[in-house]
Amino acid sequence: MLAHTYSFCFDGVQPHLVRVEVDVRPGPPVFTVVGLADTAVREARERVHAAVLNSGLQFPASRVRASIAPGDLPKSGAGLDLALAVALLGASGQAPRGGLERSAHFGELGLDGRVHAVRGAIAVAESALASGLRRVVLPVASAREALLAPGAQVAPVATLGGALRVLRGGPPDPLPPELPAPAARRSRAQEQLDLADVVGQEHAVRALVIAAAGGHNLLFSGPPGAGKTMLARRITTILPPLEPLAALEVTRIHSIAGTAGRLHRLITEPPFRAPHHTATVAGLIGSARPGNVGEVVLAHRGVLFLDELCELSRAALEALREPLAEGRVTIVRAGHRAAYPARFLLLAASNPCPCGYAGQAERCRCSDSELARCARRLGGPLLDRFDLRVDLNPVALPALGRNGAIDSRRARELVMGARERQAARLRGERALCNAELSGRALRRFAWLDSRGQELLERALAAGLLSAHGALRVLRVARTIADLQPRERVGADHLAGALALRCDHGTRPAVAG
Amino acid sequence: MQALPGGPQRGDPGGCAQCTHRTLLIESLGARIDVRRPDCERLAALLALPDRQLLAALDAAQEPVGGNDSEPQTAQARCGRNCRPGNTVPAFAGRVRRDEVICRHDPRHPAHEASDEPWAPPSLLWCLGDLDLLQRLRCERTLAVVGAVRASDYGRGVAGALAAELAGAGVPILAPYAEGIGAAAIEGALGAGGAIVAVALAGTSPMTPAGRPDLAGALAESGLIIAEHPPGARIRRWYYPARSRLLAALADAMLVVEAEERSADLAGPRFAAALGKRLCAVPGRITAPTSAGTHALIREGAQLVDCAAEILKHLHLDLSGSGASRSPTACPRRSAQGNDRPRVGGEAQRVLEAIARGAESTEALLALGIPVKSLLSALGELEAAGLLIRATGGRLMPGAKSARARVGRPRGSSRGP
């Protein structure tokens, strides 16, 4: 007899609907699975076999063939276990086949017949809804997450027996109790971070506020101990919460990557990812392996913090260029192609030279060639992506007694105000924030007053800016004006943006 | 490979047989010349010895380099015979295609028809670029700008600015073809469109140390690179004091911008003083090791200079009657009085004064109580006006257009925007 049901495979962060067919015929007792199945799927045979028997059901002593269609899509993961098992039960006459064909099953089986949690439940529920399936049967541990997808029809089951009961028209298993709200379980360390801790480096705080308000990429450069990392970590305290659609998108990505643990609510805080500088290209942008979501994708709609930017491998730095320019990454490997969203704010910290003390004649022992090598490593095209750069120096002792000029609560209000003004202005545009403004959009939205125009021309004439650099400075000036708030970009805003611009070289211009 | 002619000939790619022979002799003895302590005077005395005495002094009489053959030979043949075992000169004859070689019998040679020079002029000079500049070196009062390879931003900025001003005023500039002060001076002089002669260690091989490959093309285009060793020669330790001796001897005055207190940095300036050249030094902070050497030189009698006009005075150049191009109008101290200084707002003015008084980082300015928003605006405004330079590591320095005299001495009469 033949039976089929539906399940899902992941290609990148995109779930694909697959049809799981099982055919049971008289013959020698052999269980085969076809359809480009990977090891995890082929091992499903053992789990299904044991789970069926341990649930008190019959495993047919005949020839069992399973096919997962479409046949040319590589299948992977243990989420197909449940679909294989129920299709087998349908084909052997132990489950009603009508119910099977109108629902999707997604879950991993234990040998004892229990259904274990899976990654990507929310994406599966959305996809099932879009495919017109009546319901999707999911493990109880993943069901709350799947219910976050608006309109999802989810039947949580705890065991294979439970899945059979649902197929026969019985009630699903109860949902687990809801976890407390994320704000309540936020760690104390996170709670204690505040911009007010930053003393004597108000320019860096100002840059953080501008970066958060306009979505500008920011580079901190300075010697060891200047407080680069300490500053960067505090950006999480001033970013505005995610919009509902963005929250759903971020939740889906983190559900598939399995980085967020049990999700009982949408992720509304922008993600903050800080991969170590020894990260590989596959770790940064992801690889063809399903579920291996890169850091840039995990940082989507949030912040990617790269400490010791100069120490990253050349290949890793090169790989960052596509997501920075396009807002997504495309992974092309043999027989595989996947595009992931990756729109993030890049926050980086770097030593200005190998010893870290460039510019301090008393301490820096690096030669011109070492400085040039360090500058080359970052490369023009990558450095070009930073709208803001702050050179940091260690703060003198007397300043440490004071309190910072602005605390995170106030800064977050400023940021949210600026974001609202941008959203109102950019309604109907492709750009979401000032950092994404195109040259043409800038001409429409960043009018300079006459003094600002004069200052811009002077900076161009002095050779401080390239044409491209001028656009970046204008974007930042637009954000500074939004923070104030002013509708018109003035000379003061432009001058502030100039002071925080990202230079190309580390060499001083020779005065002449 | 063509045979070298026996006598001096203009435009010949080699030198005369006598000078080629002498150079080859020194090249082949290169490994034996050892200056543990860089000492230009001792080195010059050694290099000034006639062939036989030189061989004897270096204990190399048995070497097959002998001074007895007189028939002209191709440089390649000589190299092949003498230099391959020791690997001192890897076939330089094959690489001279772009460098022009002039010998002491060539009237363009700086030591042409000179005898008994205390600085042991090189027999051959490898030149690349505008050879007319050699003539200017002979006829005009020239300045050598030298200093540390590992220079600070301050040193680079000062070397570049002074070289630009003096070159712009018509003074031919000599500088070592090296990183740091040398590269900054070359860049400054090139930028001002002045006459610049860079002294390389060997031929037009890459700059040693090789920090600024970008300068070679510009130098070959509008300046001149000279060297007393063939291109591709293995760089020996004594080449450095040998270059310092050339710089000291070819210029009429030497300006030391930054130097550490060690013999490698100070050998050249001391030799210049010994040759009777005017020695000028730029002061720095007493805490900076890169200025310890210049301070030592000033203690030993070098002239302290802090602007281009001072240097022109020491070069004994007549400032008044020599035409507009020679008058040092770009001197910072003078332009301070002029009205070409861009106007900036009151807050920016205060920030600039604080920077000139030593608040060199944004953190230091914030510590003075300047609010961050107006500080950032002021910095941007100052930089756009050319009054401020943001150097490596975020260090803030008054820019070329800033009136150093006025800001540094607020009691002056011309204070105000």
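First the proteins, then the strands, lettered A, B, ... as listed; each starts at 1.
- In this structure, chain A has a heavy atom under 4.5 Å from the side chain of B:Glu260, while its backbone stays farther away.
- When each of B:Glu360, B:Arg150, B:Glu363 is scored by its heavy-atom pairs under 4.5 Å with chain A, the top score falls to B:Glu363.
- Side-chain N or O atoms of B:Glu165 include none that pairs as donor or acceptor with a backbone N or O of B:Cys307 at under 3.5 Å.
- Using a 4.5 Å cut-off between heavy atoms, A:Leu465 makes no contact with chain B at all.
- A:Asp194 contributes no side-chain N or O that, together with a main-chain N or O of A:Asp407, makes up a donor-acceptor pair within less than 3.5 Å.
- By the 4.0 Å N-to-carboxylate-O rule, B:Glu353 lies too far from B:Arg350 to be salt-bridged with it.
- The pair A:Arg451-A:Glu454 fails the salt-bridge criterion, with no side-chain N (NZ, NE, NH1 or NH2) lying under 4.0 Å from an Asp/Glu carboxylate O.
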